[in-house]
Protein chains: 4
Amino acid sequence: MTEKFHGVIPPVVTPLTANGEVDVVSFERSLNRMIDAGVDGLFTLGSSGEVAFSTDKRRREIIENVMRIVDGRVPVLVGCIDTETNRVIEHAKEAKELGASAIVATAPFYALGGMAEVERHFRLIHEAVPDLPLFAYDIPVCVHTKLPGNLLVKLGKDGVLAGVKDSSNDDVSFRFLVDDNNKAGHPLTLLTGQEVVVDGAYMAGADGSVPGLANVEATGYVRMWKAAQAGDWATVKKEQDWLAALMRIVTVPSGVAGFGAGVGAFKTAMALLGVFDTNQMPDPVCPLKGENVEAVAGVLKEVGLTLAKNPQEVSNSTK
Amino acid sequence: MTEKFHGVIPPVVTPLTANGEVDVVSFERSLNRMIDAGVDGLFTLGSSGEVAFSTDKRRREIIENVMRIVDGRVPVLVGCIDTETNRVIEHAKEAKELGASAIVATAPFYALGGMAEVERHFRLIHEAVPDLPLFAYDIPVCVHTKLPGNLLVKLGKDGVLAGVKDSSNDDVSFRFLVDDNNKAGHPLTLLTGQEVVVDGAYMAGADGSVPGLANVEATGYVRMWKAAQAGDWATVKKEQDWLAALMRIVTVPSGVAGFGAGVGAFKTAMALLGVFDTNQMPDPVCPLKGENVEAVAGVLKEVGLTLAKNPQEVSNSTK
Amino acid sequence: MTEKFHGVIPPVVTPLTANGEVDVVSFERSLNRMIDAGVDGLFTLGSSGEVAFSTDKRRREIIENVMRIVDGRVPVLVGCIDTETNRVIEHAKEAKELGASAIVATAPFYALGGMAEVERHFRLIHEAVPDLPLFAYDIPVCVHTKLPGNLLVKLGKDGVLAGVKDSSNDDVSFRFLVDDNNKAGHPLTLLTGQEVVVDGAYMAGADGSVPGLANVEATGYVRMWKAAQAGDWATVKKEQDWLAALMRIVTVPSGVAGFGAGVGAFKTAMALLGVFDTNQMPDPVCPLKGENVEAVAGVLKEVGLTLAKNPQEVSNSTK
Amino acid sequence: MTEKFHGVIPPVVTPLTANGEVDVVSFERSLNRMIDAGVDGLFTLGSSGEVAFSTDKRRREIIENVMRIVDGRVPVLVGCIDTETNRVIEHAKEAKELGASAIVATAPFYALGGMAEVERHFRLIHEAVPDLPLFAYDIPVCVHTKLPGNLLVKLGKDGVLAGVKDSSNDDVSFRFLVDDNNKAGHPLTLLTGQEVVVDGAYMAGADGSVPGLANVEATGYVRMWKAAQAGDWATVKKEQDWLAALMRIVTVPSGVAGFGAGVGAFKTAMALLGVFDTNQMPDPVCPLKGENVEAVAGVLKEVGLTLAKNPQEVSNSTK
């Protein structure tokens with residue numbers, strides 16, 4: 001049943017107008033472009049989908065747009081990210097009502113606890129929406145808890161979890177998780193959340209990837225996945241090297257860090273490529289401007305992509 | 001204007017029924033007991049007020065209950081705790097509508113950023129509810145950002161922040177913050193969120209305290225504050241020593257950590273003292289049971305408090 | 001027997017010549033000045049005594065100088081700081097041979113382990129030098145392990161540890177440690193390693209303090225300790241407030257952090273006061289220069305101290 | 001010149017007798033076995049070579065044994081691991097005198113500082129032994145500083161660093177480091193310190209690997225490196241999968257963590273395979289015993305290795 005979640009499943013970046021509203025036209029352009037590129041699914045309201053910045057109303061608006069635009073062409077995973085169980089369950093029920101193919105939840109955050117609470121958290125979410133596949137989102141950089149492999153496999157065997165999106169940047173643990181999952185009969189679909197070491201994750205046995213950079217360039221990730229499926233590792237390496245060079249858009253901006261640099265660069269690149277109308281960011285983050293936009297444009301050109309807009313236009317797309 | 005937020009302002013622990021509903025009768029008993037003890041204000045929906053565990057509907061229910069029960073006898077600060085600016089602003093507007101005397105917000109969490117975003121976050125919240133005093137809640141153990149003293153004082157001087165609730169357990173920084181705030185003309189009301197080193201914070205110049213333990217025993221904190229105001233440090237020390245002995249309720253439970261041990265012990269003590277009907281905890285946290293309840297009872301007796309219920313009854317108060 | 005380690009026991013800052021050699025003349029001036037001020041002991045080769053920067057030969061040279069200069073006037077504690085047990089034991093044996101009154105050791109660092117190794121580490125050190133009082137140095141910011149109170153008290157009761165130097169900046173744990181130590185019959189001498197919250201530590205029941213700032217100004221700490229012993233908390237507060245104002249020497253330098261700012265400011269202040277000939281720092285750290293020296297001088301003047309040298313002279317005291 | 005440091009360069013595990021002395025016979029067996037397997041170099045006194053546990057005398061003894069046994073058959077890198085610059089330089093000079101082919105040093109640790117000190121640290125070490133290739137050892141889990149890629153490449157271009165041993169488990173940064181190094185003309189030899197994601201590091205462009213597990217089984221790593229050189233990624237994957245299965249020896253022990261589990265399992269496996277006479281560990285770490293030895297034996301058998309001793313014999317090899 002979870003077989004359909006294999007392959008390339010980009011976490012959807014949300015386009016905003018200069019006024020901070022959801023930019024529906026850009027959204028259609030971007031989602032259609034990824035589906036046309038051959039992605040296997042889409043993950044909306046992930047960390048890079050600005051879930052943490054969006055009010056509940058905005059989250060609903062984003063899900064509704066994605067469901068309408070995608071229209072069943074690929075499965076849609078929906079991030080139900082919130083501090084603790086009952087808040088997550090509310091999001092999960094809404095995601096279900098709006099037609100999500102699966103949901104994605106992190107460990108609890110903000111309040112302090114232990115692994116007993118983490119385990120009970122996932123069990124209670126699953127009980128609340130038992131027929132909706134539940135992915136655990138392992139993202140310690142945001143939630144400050146690393147999900148242990150043995151807990152994940154146990155929850156997989158118990159039918160609580162359908163899979164894991166691994167954004168832990170702990171590739172050693174990921175390889176052991178793949179191994180443990182295989183020994184347990186492969187109850188979990190294991191997706192890597194990396195962008196530049198997806199090749200290694202595929203060699204380790206990942207069932208797919210959730211690369212934010214695929215919003216900028218999905219075709220490379222699709223080719224890489226197909227090559228990995230075919231055992232053509234030379235092509236996997238070639239595609240990964242090119243995508244890693246493209247990923248430098250997130251390291252060239254200066255004076256900005258974290259989400260502002262990462263998703264800020266994705267949005268800027270997408271604006272430069274003509275996919276998004278603006279590179280607007282959600283409050284309190286400011287969009288990239290001036291030399292930072294030029295630096296992103298420089299990387300795009302260096303890897304051979306053609307700009308639809310010049311940096312000045314993108315800088316002017318927001319106040 | 002912020003003068004009224006000096007003194008002892010307990011973060012309100014929320015009583016639940018065995019079914020997990022807000023227990024209104026226990027709530028009235030507890031709030032009245034603290035007001036009768038002479039507290040100077042109440043802070044609802046803080047970390048120990050289970051804000052992170054409560055849905056928006058539940059948060060509203062808690063605020064409404066507190067406002068109704070308190071009925072203007074003391075000022076009420078309301079925690080507007082959420083991941084990023086727009087979500088916090090929604091809570092702030094609701095808090096204002098429900099009659100909050102002031103609001104309390106943390107740095108952004110979950111998404112990664114830098115100090116520029118932290119500063120803009122507080123400015124945008126203040127702009128959204130300009131006439132409501134805004135306290136910064138410095139709690140790095142939950143949000144993984146330490147608020148720098150110079151930023152806090154700057155926001156104080158600019159009229160953005162009315163004060164700080166310091167739960168950083170970094171008493172060196174706190175003393176420097178007091179000093180910087182004094183040099184700037186004391187724009188900020190500085191409250192310590194500690195329980196067992198409040199005496200030191202008062203010596204350092206804190207304007208008050210926000211001790212969760214005051215839900216269990218407010219009279220000691222009230223006496224300590226009055227003694228500090230009078231420069232009677234021997235009494236301050238005596239009261240703090242007694243309260244520190246009482247605080248051992250949070251260190252005696254075994255097999256449980258963080259919120260489950262801390263607020264779990266507070267609720268258990270309040271149930272043993274007859275203030276709360278149960279020691280129920282919000283999902284996914286389990287209430288203390290058996291030997292852990294007995295350990296809490298042992299501490300209460302050791303410091304001379306009289307139990308209204310025996311440990312077995314409290315263990316049986318939840319499933 | 002450990003009674004003699006109560007009171008003010010400054011961690012000795014090591015003076016260097018411009019060429020980086022031990023400056024014996026300045027050393028005599030500084031140690032005599034602290035002893036004349038009435039300190040109860042001295043702690044050489046602590047973190048601020050540049051133990052981590054000193055070769056074994058240099059460590060020996062420092063101990064020999066301290067023992068010779070002090071000449072039995074006060075007890076001398078010697079830091080035996082190294083990565084793991086056998087390396088620490090070598091230092092301990094040398095400290096014993098050179099006449100140390102007690103030794104101070106941290107938890108193991110660099111290699112990863114658990115509490116079983118920490119406990120065995122202290123037991124093996126004690127076995128190697130059984131007649132030399134052993135203090136545990138709790139400094140997680142350097143060794144990345146927080147020593148648990150119950151382990152410390154257990155090692156105290158077993159005669160392994162004579163005391164604890166607490167530099168954890170975790171005053172909550174420190175208060176509980178004092179409490180546990182008292183309940184166990186006070187096997188441990190508990191010293192706080194703080195500078196600006198010593199008043200709170202004394203209220204909590206500390207047996208003394210180890211403030212690096214006492215190298216700059218010991219008299220205030222001596223007065224504060226005497227006042228604390230007499231229960232004169234108003235004087236304790238007054239002295240602490242003044243010393244906290246003086247401690248701002250470590251926060252005014254810009255462009256430098258950690259040891260370079262902290263000990264760098266101590267040495268600069270001591271040079272400005274005429275105690276040290278230079279403010280030279282051990283490689284790879286650079287001494288404070290120019291505006292940073294002026295900023296330190298500004299603080300000294302602000303709190304009423306008289307400079308013996310002007311900032312330019314101190315800036316010129318090193319290359 | 002640094003070309004000779006490419007390929008498989010195991011960090012040498014140090015065999016001890018039951019009494020804790022260096023076990024020279026086992027050492028010869030182990031080093032000869034790795035050289036016969038075709039390793040390209042050896043790295044002695046790395047983290048897994050118990051450098052942190054060894055006195056200076058013991059370090060010298062280890063280096064002398066390694067140099068004598070290796071006798072020029074492969075280059076020998078020597079770890080010069082200590083807290084700060086001058087202590088490292090002493091080790092570096094001794095390593096040079098004893099014939100090291102290159103030295104390996106970490107960022108400073110214990111004392112707190114910033115990147116300016118880190119940079120000056122490496123420059124001063126290089127100045128002290130200018131003709132000895134210097135590798136930076138990036139191991140934040142031990143030294144709590146992550147070496148930034150741009151600093152490393154800058155030091156490479158300036159001739160200060162000859163290469164990097166990357167044990168950061170941050171594969172994203174490693175891929176960017178490879179990229180930056182290539183753009184700068186490949187001044188640095190980049191070695192991954194991983195065991196189970198070496199395949200990904202080779203795809204990313206690593207110049208070699210430093211896998212502790214190669215002490216247990218070097219032939220697989222040699223085959224993997226040759227396959228990577230030949231672009232035969234299917235073989236790379238096959239070998240890595242087998243070695244990852246073998247690496248489970250470090251995850252099966254219970255009740256022990258860090259060095260005790262990791263190097264403890266390596267030594268136990270080597271004793272079971274007849275390479276080491278005992279699985280003795282340096283103080284304060286205890287050797288694996290009983291069920292933990294059986295668990296390691298179980299993994300060895302599962303991956304097809306033949307035991308030379310039974311678990312009971314190995315358990316009895318130490319007190």
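Computed over heavy atoms, backbone and side chain alike; hydrogens, waters and symmetry mates excluded. In what follows, every chain begins at residue 1, and chains take the letters A, B, ... in the order their sequences are listed.
To the nearest 0.5 Å, atom CH2 of residue A/W233 and atom CG of residue D/D199 are 8.5 Å apart. In this structure, the separation between OG1 on D/T251 and CG on A/N150 is 9.5 Å, given to the nearest 0.5 Å. Interatomic distance, CG of A/D179 versus CG of D/D241, reported as 8.5 Å (0.5 Å rounding). Atoms CG and CG, on A/D170 and D/N169 in that order, are 4.5 Å from each other to the nearest 0.5 Å.
For D/K146, the NZ atom counts as densely surrounded, since its 6.0 Å shell holds more than 12 non-hydrogen atoms of other residues, nucleotides or ligands. Within 6.0 Å of the NZ atom in A/K289, the count of heavy atoms belonging to other residues, nucleotides or ligands exceeds 12. Atom CD of D/E291 has 12 or fewer heavy atoms from other residues, nucleotides or ligands within 6.0 Å.
Looking at every heavy atom in both residues, A/V196 comes nearest to D/R175 through O-CD, 2.8 Å.
Proximity to chain A involves both the backbone and the side chain of D/Q240, based on heavy atoms less than 4.5 angstrom apart. The contact between A/K183 and chain D is made entirely by side chain atoms (from C-beta outward), counting heavy-atom distances below 4.5 Å.
Contact tally against chain A (heavy-atom pairs below 4.5 Å) for D/M203, D/E195, D/K237: the top residue is D/M203.
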